[in-house]
Amino acid sequence: MISQRVVVVNPTGLHARPASKFVAEAKKYESSLRIKKSGKEINGKSIIQIMSAGISAGTEICLEAEGPDEERAVKALSELIHSGFGEV
């Protein structure tokens, strides 16, 4: 398992379009993906869970992946978050 903390930088947080982009990227990987926020664990491949988690701009989350491509998955998803999903 690999994990990395990241801060959501885009103004809308992980809502609709950014959540959709996150899930589309997450589904490219075989590894299981989780987002941890305030003690809650969210399935990183579920748009419903991500959108209902209320992850707003400035929120620190922890990305966790476990599986054969875990390092690539966490790297790609953290880069997507750092890029601001094209909103910044």
Side-chain angles (χ1 to χ4, degrees):
M1 183 183 76
I2 186 169
S3 64
Q4 182 175 345
R5 294 193 174 279
V6 293
V7 175
V8 177
V9 297
N10 60 305
T12 61
L14 286 181
H15 299 286
R17 192 183 65 75
S20 176
K21 282 186 162 187
F22 185 95
V23 170
E25 184 65 30
K27 287 185 175 183
K28 294 178 182 177
Y29 301 95
E30 187 179 335
S31 296
S32 63
L33 295 160
R34 293 172 300 284
I35 299 170
K36 287 190 174 181
K37 174 198 169 229
S38 303
K40 294 182 181 177
E41 202 169 283
I42 302 152
N43 180 344
K45 295 183 180 182
S46 169
I47 193 163
I48 300 298
Q49 286 188 26
I50 292 172
M51 288 179 60
S52 66
I55 301 171
S56 58
T59 302
E60 182 180 77
I61 59 174
C62 182
L63 301 176
E64 288 187 351
E66 187 169 2
D69 50 5
E70 60 191 25
E71 289 183 29
R72 289 186 304 129
V74 168
K75 182 176 187 247
L77 292 167
S78 64
E79 286 174 358
L80 182 62
I81 292 170
H82 285 296
S83 76
F85 299 91
E87 295 180 356
V88 178

Give a yes or no on this: more than 12 heavy atoms of other residues, nucleotides or ligands lie within 6.0 Å of atom CD of E71.
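Check fails, neighbour count at 12 or below.
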How about E30: does its CD atom have over 12 heavy atoms from other parts shown lying under 6.0 Å from it?
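Result for CD/E30: open.
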Please find the pair of heavy atoms, one from [X] and one from [Y], that lie closest to each other, and give the distance.
| X | Y | result |
| --- | --- | --- |
| H15 | G54 | CE1-CA, 4.5 Å |
| P18 | N10 | CG-ND2, 3.5 Å |
| A65 | A73 | CB-CB, 4.5 Å |

Which distance, rounded to the nearest 0.5 Å, do you find between the [atom1] of [X] and the [atom2] of [Y]?
| X | Y | atom1 | atom2 | answer |
| --- | --- | --- | --- | --- |
| I48 | I42 | CD1 | CD1 | 13.0 Å |
| K75 | D69 | NZ | CG | 13.5 Å |
| L77 | R72 | CG | CZ | 11.5 Å |
| L33 | E66 | CG | CD | 10.5 Å |
| I55 | I81 | CD1 | CD1 | 8.0 Å |
| I47 | L14 | CD1 | CG | 10.0 Å |

Got a sec, which pairs hit side chain to side chain donor-acceptor pair (under 3.5 Å) with one end in residues 37-54, sequence neighbours left out?
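Counting only pairs at least two positions apart or across chains, no side chain to side chain donor-acceptor pair (under 3.5 Å) contact touches residues 37-54.
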Here's a test for you: under side chain to side chain contact (heavy atoms under 4.5 Å, CB included), which of K36, E64, E70 qualifies with S3?
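For S3, the side chain to side chain contact (heavy atoms under 4.5 Å, CB included) check succeeds only for E64.
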Any non-hydrogen side-chain atom of C62 less than 4.5 Å from a side-chain atom of R5?
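Yes. Closest side-chain heavy atoms under 4.5 Å.
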Are T59 and V7 close enough that some pair of their side-chain heavy atoms sits under 4.5 Å apart?
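No - every pair of side-chain heavy atoms lies 4.5 Å or more apart.
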Show the atom names and distances, to 0.1 Å, of all donor-acceptor pairs under 3.5 Å that link a side chain in residues 19-26 to residues at least two apart or in another chain.
from: K21; atom 1: NZ; to: F85; atom 2: O; distance (Å): 3.4
from: E25; atom 1: OE1; to: K28; atom 2: NZ; distance (Å): 3.0
from: E25; atom 1: OE2; to: Y29; atom 2: OH; distance (Å): 3.0

